[in-house]
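A note on names: the letters A, B, ... follow the listed sequences, proteins ahead of strands, and every chain is numbered from 1.
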Amino acid sequence: MIHAEQLAKRFGKVQAVQDVSFEAPDGAITGLLGPNGAGKTTAMRCVEGLLKPDTGHVTIDDIRVARQPRAARRRLGVLPDQFGLYSRLTTREHLAYFGRLHGLDRQALNAAIDSVVSQLHIDDLLDRRVEGFSAGERMKVGLARALLHSPQNLVLDEPTRGLDVMSTRSLRDLLRSLRTAGRCIVFSSHVMQEVEELCDHLVIVGDGVVKAAGSPAELCRQTGHTRLEDAFVQLIEAAA
Amino acid sequence: MIRQLWAVALKEFIDARRDPRSIMTLVGYSLMGPVIMLAAFTALVENQTRNEKQVAVQHLERAPGLTAHLQEHGFELEALGPDVDVTEAIANHDAILRPANDFTAMLRAGRPAQVELVLNTSKPSSQAMARRVEQAVNAWSGELASLRMMAMGVAPQAAQPIQVQKRDVASRADRAALVLSGFQVFVLIAAFFGSMHVCIDATAGERERRSLEALLVQPVSAFGLVVGKWLVAACYGLFGVALTLTAMGVLLPMAPLGELGISYQPTPLSILTMFVLIAPLALLAAGLQMLAASYAKSFKEAQTYLSLLMFVPMVPAMAVSFLQLDSEPWMFAVPVLGQQQLLGEALREVSPDPIAFLTASVIVVLAGLACVLATTRLYASERMLRGL
C-alpha cells in the first residue's frame, strides 16, 4: 500500500508539485494520469525516495519513505521509463546484480531468478546480452528486475512507451495477475485507452495538484462524458 | 553493506571488461609510454654515435697540409669543383671547407690563414659534422702552434696556463635516473589513464544510459555504490601501472642505453618495488576522476572534464621536473609529486625510505577517500537526478 499525503516539491522557481495526495491500496492498479509537465514524475520520485518532498510525506506499507528510505525500497519494485538496462550484461547478470543489491544470498537469488523467468517467459533471453534486445524484451528484463525481490508494491513509469501490441498485452496480463495476487501497483501514463482498461483507480494530476480521483467510470459520470479522454480533458482544463 | 559493495564491484568489473573502449584506453596508454621511450632512446643513440666523417673541400690543392691531417684523422674528403656554388652544394653535404686563396702563403708567413667552414645550422646532421670538422682543424692548428713555439724556444705549455679537469661523480644509475625521468610521468599518468574510462562509464555513462535511476531506487547506501565503483576503477588504474612497468621492463633493455654511458637493468624485483610505491596513487586517481565524472551529464562531457583534470595533479611533478629542483622531504607529502619522488629514488636504485613511502601513501589514500566521500554526498543528493 502506498500513501502520499499533500506532497509539495519546488525546484528553484518551479513549483513542480503543489499538493498531491493519493492512496494506492493493495490488490488494485492505481493510475497517475496527467499531461506532460503535470508533476507525475516528480510525485513518483517522491514515492521512490529519490526526492524529498518540501512538505507532506509518503508511506509504503506504513513505512515513511523519507525516514527509512532503504526499508521502504525493499518493499518497492520500480520500472523506470526507458527501463535503464546495461547493454553489456546478460539478463541473468542483471537479475543477479539487483538481487545481490537486495541482499539475496545465492540460493534465494537462484530461486528468485527461476520464479521471475517463468512468470515473464524469458527463458530464451536469460543468457543473452541486453544489447540488441527489442523494446518489448527490454521491458521484460526491466520488469523481471523490478519483481525479483517479490515486492509488495510496484511502481511503473510509462511502461508501455515504445512497446508493440503484443508486448503491451503481455504487460497488461501480467499486471492483472499481480493485482489478483494482492499487490499494490501504481503506474503513470498518458495513454487513455490503456489506463481505462487497466486501472481500478485514477488520480488526475495537472499543474502539480490532484484535479480529480476515482475509477474511470466515476470520472466519466462526474463530468457527464462517455469517453475517459473527454472527461480527462475537461478535468484538466476546468481548473486551469 | 559489504555484500552490496561486492555486488557493485563485481558488476562494474564485468561491465568494464566487456567494454572494448575501456580495454583500449588501458592497453593503449599503458604501452604508449614505454614504446615512445624506446623509440626516442634508439633514435638519440643512433644520432649521437653516428661517426661518419665526411667533408667536402673546395680548392683542395690550396691546403695540402690541412687535408692530409683530416685524412689522417679518418675524414673522407670529396673535392668540389672551383665553379660550384657552396650555398647550393651544402644541400648535399653536411660540411664544406674552403681554404682561402692565400692559405699556404699565410701559413708560411706565420699569419692567420683563413679557411671557410660552410654549414647549415638548421640541419642537426650538418651541425654535428661541422663541429667534428672544426675540432679536427683546431687540433691541427694547435699542433702547428706548438711546433712554432718550440722553434722559437718557448715551451708550448706557456700558451696553456690553466687546464680544467672534469670529474663526474654521478653514478651510472644517477645518470640513468636523469635520462629515465621522462619515464616517471608515463607511469604516473598510467594510474589515471587506466581508470579513466571505467570512472566515466560507471558514473556519467550510467546517467547517459538512464540506468542510474533504476540503481538509485535500490535499497543501497550511496557509500556502498560509490566505493564499489571506486575500487574497480582503482583496479584498472593498477592494471595500467603494472602494464606500463612491465612494458618498460621488457622494452628498456632493448634500448642501447649503454651507448649513452648509462646502465639500467630492470629486474622483476625493482619493477615490483616501483609498482608497490605507485599503487596507492591508483586510489586517488580513481577517486578524483569519479568525482569529476559524476558531475557530468554525458559521456562526452565527462571526457572533456577528465582530459583537463588529468594534468592538474601532474603540475607539481612536472614543475619539479622542469625546474630541476632537488628532492626535498616536503615533496613526499604532495600527492603525485610524492610518488614521482619515490619512483625517482627507485630508478636511482636507492632503496625506498619507509617513512617517505608511508607519508606519500597515506596522503594519497586520504585524498582519494575525500574524493569518495564527496562523490557519495553527490550520489545521496537530489542533484544526482538532474537531467534524468
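The side chain to side chain donor-acceptor pair (under 3.5 Å) test with Gln218(B) singles out one residue from His102(A), Arg73(A), Arg70(A), and that residue is His102(A).
Counted within 6.0 Å of CZ on Arg67(A), heavy atoms from surrounding residues, nucleotides or ligands total 12 or fewer; the atom is thus considered open. A 6.0 Å sphere centred on CZ of Arg74(A) holds more than 12 heavy atoms belonging to other residues, nucleotides or ligands. Annotation: Tyr29(B), atom OH; neighbour count of heavy atoms from other residues, nucleotides and ligands within 6.0 Å does not exceed 12.
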Go through the steps for Leu76(A) and Val217(B) under the test side-chain contact (heavy atoms from CB on, under 4.5 Å), then give the verdict.
-> CA-CA 9 Å; Leu76(A) 186 70; Val217(B) 298; 5.8 Å; no

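Proximity to chain A involves both the backbone and the side chain of Ser221(B), based on heavy atoms less than 4.5 angstrom apart. Interface remark: Leu10(B) contributes side-chain atoms only to the contact with chain A (heavy atom separation under 4.5 Å). For a residue to count as touching a neighbouring chain, one of its non-hydrogen atoms must lie under 4.5 Å from one of that chain's; by this rule Pro80(A) touches chain B with the side chain only.
In terms of heavy-atom proximity, Tyr86(A) sits nearest to Asp15(B) at CD2-OD2, 3.9 Å. Listed here is the closest heavy atom pair of Leu215(B) and Tyr97(A): CD1-OH, 3.4 Å. Here the closest heavy-atom approach between residue Glu93(A) and residue Ile14(B) is recorded as OE2-CG2, 4.2 Å. Taking all atoms of both residues into account, the shortest heavy-atom contact from Arg18(B) to Leu89(A) is NH1-CA, 3.8 Å.
Most heavy-atom pairs under 4.5 Å with chain A: of the set Ala214(B), Ser381(B), Gly205(B), Ala380(B), this distinction falls to Ala214(B).
Side chain of Glu382(B) to backbone of Lys52(A): a donor-acceptor contact under 3.5 angstrom is found. In this structure a side-chain-to-backbone donor-acceptor pair under 3.5 Å is present from Gln4(B) to Leu101(A). The closest donor-acceptor contact from the side chain of Arg210(B) to the backbone of Gln82(A) lies at 3.5 Å or more, if one exists at all.
Looking at heavy atoms from C-beta onward, Asp105(A) lies in side-chain contact with Arg3(B) at the 4.5 angstrom threshold. Counting only heavy atoms from C-beta outward, the side chains of Lys11(B) and His94(A) never approach each other to under 4.5 Å.
Partners of His201(A) by side chain to side chain donor-acceptor pair (under 3.5 Å), not counting sequence neighbours: none found. For Phe83(A), the ring pair (Phe, Tyr, Trp, His ring centres under 6.0 Å) criterion is met by no residue, not counting sequence neighbours.
Considering CG of Asp19(B) and CZ of Arg88(A), their distance stands at 3.5 Å, rounded to 0.5 Å. Atoms CG and OG1, from Leu385(B) and Thr41(A) in turn, are 11.0 Å apart once rounded to the nearest 0.5 Å.
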